[in-house]
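Below, chain A is the first sequence line, B the second, and so on; all start at residue 1.
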Amino acid sequence: MNEKEIYRLLLEAKEFGFSDRQLAHIWKTGEDSIRRLRERLGLRPVYKTVDTCAAEFEAYTPYHYSTYETESEVRGCEKEKIVILGGGPNRIGQGIEFDYCCVHAVLALKEIGYETIMVNSNPETVSTDYDTADRLYFEPLTFEDVMNIIEAEKPKGVIVQFGGQTPLKLAVPLENAGVTILGTSPDSIDLAEDRERFGALIEDLKIKQPPNGIAVNSGQAREIAKRLGYPVLVRPSYVLGGRAMEIVYDEANLIRYMDLAVEASPEKPVLVDKYLDNAVEVDVDAISDGVDVCIGGIMEHIEFAGVHSGDSACVIPPRTLQPSTIELICEQTTALAKALNVKGLMNIQYAVARHNGHEELYVLEVNPRASRTVPFVSKATGVSLAKIAAKVMAGLPLAQFGLPKMPRIDHIAVKEAVLPFVKFPGVDTLLGPEMRSTGEVMGIDTDFGRAYAKSQAGAGMRLPSPHPGDKKRCVVVSVNDRDKPLIVESVKKLLDMGFEVMATQGTHQYLQEKNLECRRVFKVQEGRPNIVDFMKNNITALVINTPLGENSTFDEKSLRRCALELNVPYVTTVSAAQAAVLGIESDLGRNLQVKALQDYSM
Amino acid sequence: MPRRTDIHKILIIGSGPIVIGQACEFDYSGTQGCKALREEGYEVILVNSNPATIMTDPSTGDRTYIEPIIPEALEKIIEIERPDCLLPTLGGQTALNASVELAESGVLERYGVELIGAKLKAIKKAEDRDLFKEAINHIGLDLPRSGFVHNMEEAWKAIEHVGFPAIIRPSFTLGGAGAGTAYNREEYEQVVKWGLEMSPVHTILVEESVLGWKEFELEVMRDLANNVVIICSIENFDPMGVHTGDSITVAPAQTLTDKEYQAMRDAAIAIIREIGVETGGSNIQFAVNPEDGRMVVVEMNPRVSRSSALASKATGFPIAKIAAKLAVGYTLDEIPNDITKETPASFEPTIDYCVVKIPRWAFEKFPGSKPVLGTQMKSVGEAMSIGRTFKEALQKGLRSLETDRGGWGADGKDRYVFDDPAHPRYRDPGDPELKAEIVEKLKIPTPDRIFYIRYAFQIGMTVEEIYDCSRIDPWFLANLLEILAMEERLAEAGPAIQSWIEE
């Protein structure tokens, strides 16, 4: 074939939408050699305009898509340009939060005089409104498509920090192709994700991590677990996003996990971490320019560590942490931001373990990028973290923004996750290390109980009224042995408010031993009337059911499904039960107050 | 007509948390609506419980309430803010339902708040099955034939005009429990009896099945002067039976004849006028029987929807923004188009490219759930792509999904490999078991069906055979076959290309 024939063939393939990656597969070569071939042949896409009128009138709004033709409709521009990469289609774990961050980045960069260029493929978003950025490219977020835009626009740099995983994984390939990545360097991002490099770094900084080890077979895992002490958190090293992660309480279950759930091998080791039982998880969003560091917000999770942070409710400011722990969190966050030379946003997850009134701080994860919690923190504190971060990434010093080291607010904001279980019949409703929520709501008020109750109402769960007289006066309690001592306080409060507590056998026995008056209720398979009958009779105000772990029975699952389908408020962790009790006590029905964000002092 | 000067403060309700079926498209529409109204000098009060939205940024509205979208909270907000109007059509079904509740409980009347955009009567007419049926019949359009039935005797009478296959839907059961399809009298008797028993009110709806019919949507806008424009036509690649939110969709419609399209346009215009959506956007869905071209009206959303966000992005016509301006009294011819600055909003958009939307699912997160698509939406997001042809847009769309695919296969990720017997995923294309497997996957819609069409072609199935299994229009299938033919040409050219590829 001569050059002209090859050009014709490639052009035709491109008109049919074939990507470099597909061509590389068909011709058994690398994607980069296809790119080089196209460059050699001078085969590049052109950009057409979405103009509402099929080019009949002149269009003023640069909203573009690529295709392979002859004439490009992109206009020149005098200003310096910055490309912001969006998050692509929404999925669980990567949703509207990243659209929010991208939009703020665009607005901030416009404010300081840049021509902003948005690239995204998600039609549901504000970032793909032609009104948002100066230029919009509705394109796939692949290396090929993004690189084509960069070559056409020649921006000063690209921001990959605000769109979640999608643009982040383009950071290294883009940098290797000579593109300037603004903000924290791809190497720092890698450092935070690489277990070994990160381990060495925090050792240097004298920051603690939960004790851990790596196992390539069952025997090794058992040894490590013995050394760390049960419970342990196990997960395959090669899987992202909490899939197949499990908390294991004894050796029998560890063997089962290693032999059945995952096939460990030297190529696919299993990570074994000490699980900090009943530790409080803390999320921190911070911002840095490499010199100064400001804490955006510290969020205390309601659910214990082990529930994915995206599925856990959380509260800002922290509710139960000691001041010394908060100070330590600030110190370690600052140290980590400086060590990683963060330019822009970072998110750190900590766990706080408690022993006899003493709090111990462990770092779980560091992500030097915009996190899912940025919009929530910004709404709760009134500081637009994403905007400031974008300006810092463009080169402005953080000191210029006059942020406090730590925001102080007088109100309480609670974030609650919203889960789609109702759409998936037969699926258990337990929360776990894998994120499954699709969205979130915020409750904001002057005390925790009211803010929590609002967050629950916003998420579609109306907590019962504390006043006798409502016909729904039964609370069903069925918790595992580990949780029994922890539920006593909540049951006491419920009884004080005049609720009737019904408990399944083991829980019933335990509560009676503590002199708490409650009625024994049958599980579904024990006889009738059973728990489900009570729910169906519409007298159940709340179900507190914590899982037995691996031995979780069909009975428990059907109970939770039933609560979900009948819309009976239910909680599956003790900590959520405690929060729910405070929510009920706050009596939102009688005390509901609303207040505009503009009226909060922040 | 100029904008109204008798109103000053407008309340907009958002859609709350992101859930399946109601995602950030309503942040997009709410934010646009808000900007449009403030531009006109109105004071905007926003309510939304979702903090991750742009619409709840303190600078988007004048007054922003991050409060639960429940009647008590909304009433408190109305009591404090005393808005003149409530615009209920920008926050999805959540906002529409909440607004209806406020209207019906008398709160709006008590505080003198006017519903703008869509009046209560119009909302009811579009959303209530009986009222909608009456309205559609009144203007001489067709719906799927149906009837409510309370006993077996009535059921036999109903089936005479409904015909087989028939869908039986018990009233007021949870999650559609007890519903079924009957293809013959024996099955019908069984399903009807079961359905009557399941329904707490012993009532079922017997409805003509439109499964497998072609599905279309039109995005329509109307103003106070009764002008109507069609913003965009959208065709579902997956036929009726798959929720449009779970269907691959294409804009503009590709397989209608001009005559069919004009009939659909006329129908849409008649519907929005009859239902009486005063101002703003509506989404109207149609089904067309591929056998005889019979067109029926499936449903109407008297508000901005997921499809209108898609239509806005597909055409460049900002539906939510224009809807907000129409709601305060402007007519379509008075609102300039931002993109051209020359044409007004009464100019129907024309597009000289093809847009494809592909849903993104998350079944892997829910062990125990079957990845089967049906009438209840399961997808959690979507990608849109634009190309000069359907082929180009589809391949771009597939690589936009973040599912590690490079396009429509040919990326090393295909489930079956046919050309390399040494490959671990190699299958013999002549294997009858494989064909049975593929046929099954064509019949039952799943997230991967689009790729099974590829495998079907690769083992030698024809457009007709694939159509019989999937009911996907032959035009789409023929396009896919062309992609495959191109791929084969590329593979053949492989040896000649090698010397041009520098390693």
Side-chain donor-acceptor pair under 3.5 Å between [X] and [Y], yes or no?
X        : Y        : result
A:Asp129 : B:Gln32  : yes
B:Thr350 : A:Glu56  : no
B:Thr64  : A:Gln598 : yes
B:Asp27  : A:Tyr100 : no

Chain B contacts, top residue of [options] (heavy-atom pairs, under 4.5 Å):
options                            : answer
A:Leu23, A:Thr49, A:Asp51          : A:Asp51
A:Val418, A:Asp32, A:Ile34, A:Ile6 : A:Ile6
A:Glu5, A:Lys14, A:Glu97, A:Glu69  : A:Glu69
A:Gly439, A:Pro123, A:Gly458       : A:Pro123

Report summary line: Ranking B:Thr343, B:Leu398, B:Val47, B:Ile497 by heavy-atom pairs under 4.5 Å to chain A gives rank one to B:Ile497
Report summary line: Ranked by heavy-atom pairs below 4.5 Å to chain A, first place among B:Ile45, B:Asn337, B:Leu46 goes to B:Asn337
**Report entry** A:Phe424 and B:Lys378: CA distance, side-chain angles, deciding distance, side chain to side chain contact (heavy atoms under 4.5 Å, CB included) verdict
**Finding:** CA-CA 8 Å; A:Phe424 296 95; B:Lys378 300 278 170 76; 3.9 Å; yes
**Report entry** Any B:Val19 side-chain heavy atom under 4.5 Å of A:Lys423 side chain
**Finding:** no
Query raised in the report: Considering only heavy atoms from C-beta outward, does the side chain of B:Gln498 approach that of A:Trp27 to under 4.5 Å?
Result: yes
Basic-acidic side-chain contact under 4.0 Å: [X], [Y]:
X        : Y        : value
B:Arg399 : A:Asp145 : yes
B:Lys313 : A:Glu124 : no
B:Asp404 : A:Arg21  : yes
B:Lys396 : A:Glu139 : yes
A:Arg462 : B:Glu72  : yes
B:Glu402 : A:Arg91  : yes

Report task. Using heavy atoms and a sub-4.5 Å threshold, report which of residues 372-379 of chain A line up against chain B, by residue number. Result -> A:Pro375, A:Phe376, A:Lys379
Using a 3.5 Å distance criterion without hydrogens, assess whether the side chain of [X] forms a donor-acceptor pair with backbone atoms of [Y].
X        : Y        : result
A:Ser19  : B:Gly406 : yes
B:Glu342 : A:Phe57  : no
B:Trp500 : A:Glu3   : no

Requested in this report: Give me the one residue out of A:Val126, A:Val103, A:Ile96 that meets side-chain contact (heavy atoms from CB on, under 4.5 Å) with B:Thr53.
Outcome: A:Ile96
Query raised in the report: Quick one: which of B:Glu487, B:Arg489, B:Glu482 gives a side-chain contact (heavy atoms from CB on, under 4.5 Å) with A:Phe16?
Result: B:Glu482
Query - Other residues, nucleotides, ligands: >12 heavy atoms within 6.0 Å of B:Lys370 NZ - result: no
Report task. Tell me, yes or no, whether the heavy-atom count around A:Lys595 atom NZ, taken from other residues, nucleotides or ligands under 6.0 Å, exceeds 12. Result -> yes
Report task. Select one option (side chain, backbone, both, neither) describing which atoms of B:Arg306 are under 4.5 Å from chain A's heavy atoms. Result -> side chain
Query - Contact class of B:Met55 relative to chain A, heavy atoms under 4.5 angstrom - result: neither
Query raised in the report: Checking side-chain hydrogen bond (donor to acceptor under 3.5 Å, both in side chains) for the pair B:Glu392/A:Thr67: CA distance, chi angles, key distance, verdict?
Result: CA-CA 8 Å; B:Glu392 186 184 18; A:Thr67 191; 2.9 Å; yes
Query raised in the report: How are the rings of B:Tyr353 and A:Tyr65 set to each other: parallel, tilted or perpendicular (split at 30° and 60°)?
Result: tilted
**Report entry** Step-by-step side chain to side chain contact (heavy atoms under 4.5 Å, CB included) determination, B:Lys365 to A:Glu434
**Finding:** CA-CA 8 Å; B:Lys365 298 266 185 184; A:Glu434 177 163 9; 3.1 Å; yes
**Report entry** side chain to side chain contact (heavy atoms under 4.5 Å, CB included) between B:Lys341 and A:Glu58, worked out
**Finding:** CA-CA 9 Å; B:Lys341 297 191 191 315; A:Glu58 194 163 1; over 6 Å; no
Query raised in the report: Between B:Thr340 and A:Thr52, is a side chain to side chain contact (heavy atoms under 4.5 Å, CB included) present by the stated rule, with each step listed?
Result: CA-CA 8 Å; B:Thr340 63; A:Thr52 75; 4.0 Å; yes
